[in-house]
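As structure tokens, the structure follows; a few thoughts come after it.
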Amino acid sequence: MDLSKVKDREALKARREPYWHRIRPGCFIGYRPSAKGGAGTWIARSYDEQTNGYKLKALGDFGDQPSRERFATAKTEAEAYATRIESGGELKVETVEQACRKYAESRAEAEARFRRYVYPDAIAKVKLAKLRRHHLTAWRERLQSTPALVSRRKEGEAATRPRAAASINRDMTVLRAALNRVLAPGTPDTEAAWQEALRPIRNADRQRTLYLDRTQRKALLAALPADAEPFFRAMCLLPLRPGAVASLTAGNFDKRTSELSIGRDKSGKPRRILLPPVAANLFAEQAKGKLPAAPLFMRANGAAWEKNSWKLPIAAAAKAANLPAGVTAYTLRHSTITDLATGDLSLLTIAQISDTSVEMIERHYGHLIRTAATEALAGLAL
């Protein structure tokens, strides 16, 4: 029957068996009127070929929405449920925390963000079936009010700063991606439109402007301690994130083929890079005599590099080399990508090597490519 009309639904008699509305073969919406006169409840029904039977999922009453919008919301969620069943089965995920843990199984960076800002928060225990925009709005406000950690001190209070808009966007993006895998988008401007609360802040991603040319990078490397120099030299030779370099093990480098396998990075997707001779020699030297699981780049104490251990050496070296204020490990990644962008590599190749999207490369480095194109066109003058 047609459940899309409010008057027709309100005229239905209360009963235990839902009234069914067929969306397409194998996909139905069920509606059970309330015996007490309140909002009725909605049910999704989808055919599972693996079990040769139907599976049901309670969707709730959508009582926080106007009556005229409840059918559209139920239809969207029923179709999303049917898609999950048809693609191999329903995800055994009930809460926000479970959705995040499922998403982060192969995404180390997402897992780290969830541990800091989702799992300890009240939103972690919210049932996905009950998740509404106000839950995420409140979480976002708590996130924005949480200061960002600048450094940890052995004595005294930790140094913090107000959270930057770009950081807030990155934290929201991973949660939105996790929820997108298990929730259907709600109708705009309704409580079911959970995704609206996680819209990114506009113009938050500023272009990185601090660039070190090759002479400056050489001066920086010369001023570094002996144990730190190979770690930062690797970032001068490859456009990798500091965390990706720090997580490399000796087994990630194949000396025979000069290939580097990178598994732990922002996207979580493994990739292989064929290294040129200079970089291959550096990595071969660092892997010499180490077990496959040992850190490829070690500190003097034998431990792997991490965020709080690489900050001080590069800050001190930048100061000793009279480099501009604000040099960080990420400055080296920006500088290498800048050099690649002004070379002959395509945007797609740069994005693949750097483990980022073509959109991000275009956003941050597109002006360099356009300038190079203008200069090339100028050379066509007769």
Side-chain angles (χ1 to χ4, degrees), residues 104-113 115 152 212 214 217-318 321 327-340 345 349-356:
E105 285 179 351
S106 60
R107 298 172 175 85
E109 183 180 359
E111 174 65 17
R113 292 184 188 277
R115 283 200 305 268
R152 293 182 175 86
L212 300 181
R214 286 176 171 77
R217 277 175 261 170
K218 289 180 180 179
L220 177 70
L221 294 176
L224 285 165
D227 64 331
E229 197 271 352
F231 176 72
F232 290 104
R233 180 176 290 276
M235 280 183 278
C236 290
L237 297 175
L238 297 173
L240 303 180
R241 295 180 181 87
V245 178
S247 65
L248 291 173
T249 64
N252 290 137
F253 177 67
D254 189 335
K255 184 179 179 180
R256 298 169 301 171
T257 62
S258 295
E259 284 187 310
L260 179 68
S261 300
I262 304 171
R264 184 179 178 183
D265 207 346
K266 191 171 184 178
S267 70
K269 298 178 181 178
R271 66 191 195 278
R272 296 175 70 85
I273 299 177
L274 180 62
L275 302 183
V278 173
N281 290 339
L282 169 66
F283 281 73
E285 182 63 28
Q286 295 303 305
K288 186 183 301 183
K290 293 180 180 177
L291 295 174
L296 186 59
F297 295 93
M298 288 182 174
R299 296 157 58 188
N301 60 5
W305 289 94
E306 45 85 28
K307 196 173 196 177
N308 293 307
S309 62
W310 72 56
K311 283 183 177 180
L312 292 179
I314 192 169
V327 171
T328 65
Y330 219 95
T331 302
L332 300 178
R333 171 177 163 86
H334 167 66
S335 300
T336 55
I337 294 179
T338 298
D339 287 353
L340 293 176
L345 278 184
T349 303
I350 297 174
Q352 291 173 337
I353 296 175
S354 308
D355 189 47
T356 189

Checklist entry - Which atom names give the shortest non-hydrogen contact between A303 and N301, and what distance separates them? => result N-OD1, 3.0 Å

Next on the checklist: For a 4.5 angstrom cut-off between non-hydrogen side-chain atoms, does L332 reach L212?
Outcome noted: yes

Next on the checklist: Ignoring hydrogens, what is the shortest heavy-atom contact between P225 and P313? Give both atom names and the distance.
Outcome noted: CD-CB, 4.4 Å

Item to check | Check: A351 main-chain N/O paired with S354 side-chain donor or acceptor under 3.5 Å | outcome: no

Checklist entry - Does I353 offer a backbone N or O that forms a donor-acceptor pair with the side chain of R271 under 3.5 Å? => result yes

Next on the checklist: Once side-chain contact (heavy atoms from CB on, under 4.5 Å) is applied, do any residues pair with A112, and if so which ones, sequence neighbours excluded?
Outcome noted: R115, R116

Next on the checklist: Once side-chain contact (heavy atoms from CB on, under 4.5 Å) is applied, do any residues pair with A293, and if so which ones, sequence neighbours excluded?
Outcome noted: none

Next on the checklist: Taking the side chain as everything from C-beta on, heavy atoms only, tell me whether L238 gets closer than 4.5 Å to L260.
Outcome noted: yes

Anything under 3.5 Å between a donor and an acceptor, one on a side chain of residues 275-286, the other on a protein residue two or more places apart or in another chain? List them.
residue, atom, partner, partner atom, Å
N281, ND2, P277, O, 3.2
E285, OE1, K288, NZ, 3.3

Item to check | T249: side chain to side chain donor-acceptor pair (under 3.5 Å) partners, not counting sequence neighbours | outcome: N252

Next on the checklist: Can you tell me how far apart CD1 (I314) and CZ (F232) are? Round to the nearest 0.5 Å.
Outcome noted: 4.5 Å

Checklist entry - Who passes side-chain contact (heavy atoms from CB on, under 4.5 Å) against L274, sequence neighbours left out? => result S258, E259

Item to check | Closest contact, heavy atoms only, A318 versus V327 | outcome: CB-CB, 3.9 Å

Item to check | All side-chain contact (heavy atoms from CB on, under 4.5 Å) counterparts of A294, not counting sequence neighbours | outcome: K290, M298

Checklist outcome for this item: Between the CD1 atom in I350 and the CD1 atom in I337, the distance rounded to the nearest 0.5 Å is 8.0 Å

Item to check | Residues in ring pair (Phe, Tyr, Trp, His ring centres under 6.0 Å) contact with F231, at least two apart in sequence or another chain | outcome: W305, W310

Checklist entry - Which residues pass the salt bridge (Lys or Arg N to Asp or Glu O under 4.0 Å) test with D339, sequence neighbours left out? => result R214, R217

Checklist outcome for this item: Those residues at least two apart in sequence (or on a different chain) that pass salt bridge (Lys or Arg N to Asp or Glu O under 4.0 Å) with E229 are R233

Item to check | Residue pair M235 / L240: nearest heavy atoms and the distance that separates them | outcome: CG-O, 4.1 Å

Checklist outcome for this item: Sorted by chain and number, sequence neighbours left out, side chain to side chain donor-acceptor pair (under 3.5 Å) with S261 holds for R272

Checklist outcome for this item: Nearest heavy-atom contact between T336 and C236 is CG2-O, 3.4 Å

Checklist entry - Hey, does R333 have a side-chain heavy atom less than 4.5 Å from the side chain of R241? => result yes

Checklist entry - Minimum heavy-atom separation for A234 to V245, with atom names? => result CB-CG1, 4.2 Å

